[in-house]
Every structure is written in structure tokens, then in C-alpha cells.
Amino acid sequence: MKVFVIGRALVKSIMKVGSYLVPYDIFVIAERVKRYIYSLYMGHSLFLCGDGVKFSGIERLIGGRHISVGNNSTFGKHLYLEVRTYNGQSGKISFGDDCHVGAYNNITSTNEIRVGRGLLTGKWVTITDNSHGDTDFESLSIPPLERDVVSKGPILIGDNVWIGDKATILPNVIVGDGAVIAANSVVTKDVPSYSVVAGCPAIVIKQMNNNPR
């Protein structure tokens with residue numbers, strides 16, 4: 001225990017001395033340069049990548065040549081972006097301008113996921129247009145990893161949509177402009193524009209209009 005305390009004190013002393021020798025601003029600048037270079041590299045891996053796009057760290061990128069990102073969009077760390085091909089059909093993912101995707105998001109397509117401009121997502125959001133097999137008895141008798149991947153339809157997300165932490169958007173869904181999807185919601189049906197949905201499955205809990213009150 002005494003050795004541990006001495007060792008910890010020594011590490012703190014070294015760090016304190018190092019902070020005088022190397023200003024903190026240097027580390028900040030170095031991190032920004034690293035992120036800039038990484039973003040350039042990842043941008044070249046995509047079909048289309050607009051200006052000012054920033055990636056904090058992609059955990060898995062598959063099918064980048066089928067992914068498009070608009071201008072001034074940002075992506076948090078530990079991002080999963082996957083476009084796969086099944087039965088000769090390739091999926092597609094596209095983001096409009098000024099989209100901000102949180103950390104630990106999982107976005108996967110075998111059909112199409114189309115996002116408008118101004119999207120904001122929290123952490124651990126899942127957006128998927130596919131699933132492991134159907135829910136008939138024959139499919140459920142097969143281990144999930146051995147089932148054919150199927151898609152019931154694309155996911156279309158409008159402009160200025162806000163998706164809270166740990167929400168999930170499932171296939172064949174249209175999310176209208178200005179919609180808010182509450183944290184932990186599971187979206188299985190279309191979401192009207194300028195509405196708030198919550199729950200599992202998600203239901204409309206508030207609908208806005210442009211009539212002043």
C-alpha cells in the first residue's frame with residue numbers, strides 16, 4: 001500500500017513538471033490536428049463527403065462507397081456505419097448538411113437510410129433498415145446468424161429531427177421534419193412532422209402546429 005501511494009505521488013509530480021515543460025494548449029492543438037487528419041482519411045473512404053465533416057472515431061465502417069455525408073456534419077466516437085449487400089442488392093446511407101451524430105451510434109443498411117439536414121442524435125442510437133430473418137416458424141427455427149437478412153423497407157428521416165439517447169428506429173419508417181424521438185423509444189411506425197413520440201413502441205405524445213396560442 002505504501003509503495004502504491006509513493007508511486008501515485010511520483011506520477012503526479014512527473015505530470016506536474018511535464019505540464020510546465022509542455023503547455024496544455026499543445027495537447028489541444030495536437031488533438032485537433034489528429035482529428036482533422038483522421039476526418040480527411042475517413043472522408044476519402046466514403047462515396048461523397050462534404051466540407052467541414054468531422055469524425056471522432058469510427059469503430060466499424062463497411063460499404064463506405066455507398067455512404068454520403070453533407071457539409072459541416074459531425075460524428076461521435078465508436079460509430080458503426082455499415083452498408084451491406086444481400087441477394088445482389090446493396091444498401092445506401094445518406095446524410096444531409098449539418099447533421100450531428102452522437103457517440104456509440106449504430107447505423108446499418110441493406111436497403112436505404114436517407115437523412116435530411118440538421119439531424120441531432122444522442123448516444124447509443126440505433127437506426128437499421130434490416131433484421132435477421134422473418135418471424136415465421138421456419139425462420140425462428142434457425143440460429144439468428146444463419147437466417148437471411150431481410151428489409152421491410154427504407155428509413156427516411158426529415159430535416160431538423162432530434163433523436164434521444166438509446167432510441168431505436170426500425171425498418172419501413174418515415175420520420176417527418178422537426179420530429180422529436182424521446183430517449184429509449186422504439187420507432188416501428190411513421191412519425192408525423194413536428195411531433196414528439198415516446199415509448200416502446202413509440203406513440204405520439206405531442207403534436208405541434210404553426211397556429212399561435
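Since the structure is predicted, the reported quantities are computational estimates derived from the model, not experimental observations.
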* Verdict with supporting geometry, H100 and T121, side chain to side chain contact (heavy atoms under 4.5 Å, CB included) -> CA-CA 7 Å; H100 302 281; T121 77; over 6 Å; no

* How many angstroms lie between CD in Q207 and OG in S195, if you round to the nearest 0.5 Å? -> 5.0 Å

* Asked: Any donor-acceptor pair under 3.5 Å linking the side chain of S193 with the backbone of G176?
  -> no

* To do: Give the minimum heavy-atom separation between G70 and V53, together with the two atoms involved.
  => O-CG2, 3.2 Å

* Can you tell me how far the NE2 atom of H66 sits from the CD atom of E82, to the nearest 0.5 Å? -> 13.5 Å

* To do: Measure the spacing between CZ of R60 and OH of Y80 and express it to the nearest 0.5 Å.
  => 5.5 Å

* Asked: Going only through I, L, V, M, F, W and Y residues with side-chain contacts under 4.5 Å, is there a path from I58 to V69?
  -> yes

* **hydrophobic_cluster_shared for I169 and I174, side chain cutoff 4.5 Å** => no

* Asked: Under 3.5 Å, is there a donor-acceptor pair between the S109 and D129 side chains?
  -> yes

* Asked: Linking I/L/V/M/F/W/Y whenever their side-chain heavy atoms sit closer than 4.5 Å, directly or via other members, would V186 and V196 fall into one cluster?
  -> no

* Other residues, nucleotides, ligands: >12 heavy atoms within 6.0 Å of R147 CZ -> yes

* Under a 4.5 Å cut-off applied to non-hydrogen side-chain atoms, are V150 and S131 in contact? -> yes

* **Reported CG-to-CG distance for the pair D159 and D177, which is rounded to 0.5 angstrom** => 4.5 Å

* Asked: Is a donor on one side and an acceptor on the other found under 3.5 Å between the side chain of S139 and the backbone of T135?
  -> no

* **Check against salt bridge (Lys or Arg N to Asp or Glu O under 4.0 Å), D97 and R117** => CA-CA 5 Å; D97 296 339; R117 59 179 177 82; over 6 Å; no

* Do L170 and I163 sit in the same hydrophobic cluster, where Ile, Leu, Val, Met, Phe, Trp and Tyr count as joined when their side-chain heavy atoms come under 4.5 Å apart? -> no

* Asked: Going hydrophobic residue to hydrophobic residue with side-chain gaps under 4.5 angstrom, can you get from V125 over to V180?
  -> no

* Between the side chains of T85 and S90, does any donor sit under 3.5 Å from an acceptor? -> yes

* Asked: Donor-acceptor pair, D136 side chain versus D134 backbone, under 3.5 Å?
  -> no

* Measure from the side-chain N and O atoms of N184 to the backbone N and O of G164, and report whether any donor-acceptor pair falls under 3.5 Å. => no

* Could you give the distance from CD (E112) to OG (S151), rounded to the nearest 0.5 Å? -> 10.0 Å

* Asked: In this structure, which one of I155, T108, L46, I113 forms a side-chain contact (heavy atoms from CB on, under 4.5 Å) with I93?
  -> I113

* To do: Please check if the side chain of T128 supplies one atom and the backbone of N130 the other of a donor-acceptor pair under 3.5 Å.
  => yes

* Asked: Under 30°, 30 to 60°, or over 60°: which ring-plane class applies to F95 and F75, parallel, tilted or perpendicular?
  -> perpendicular

* Structure fact -> CZ (F55) and CG (L81) are apart, to the nearest 0.5 Å, by 7.0 Å

* For residues R65 and V83, determine if any side-chain heavy atom of one lies less than 4.5 Å from a side-chain heavy atom of the other. => no

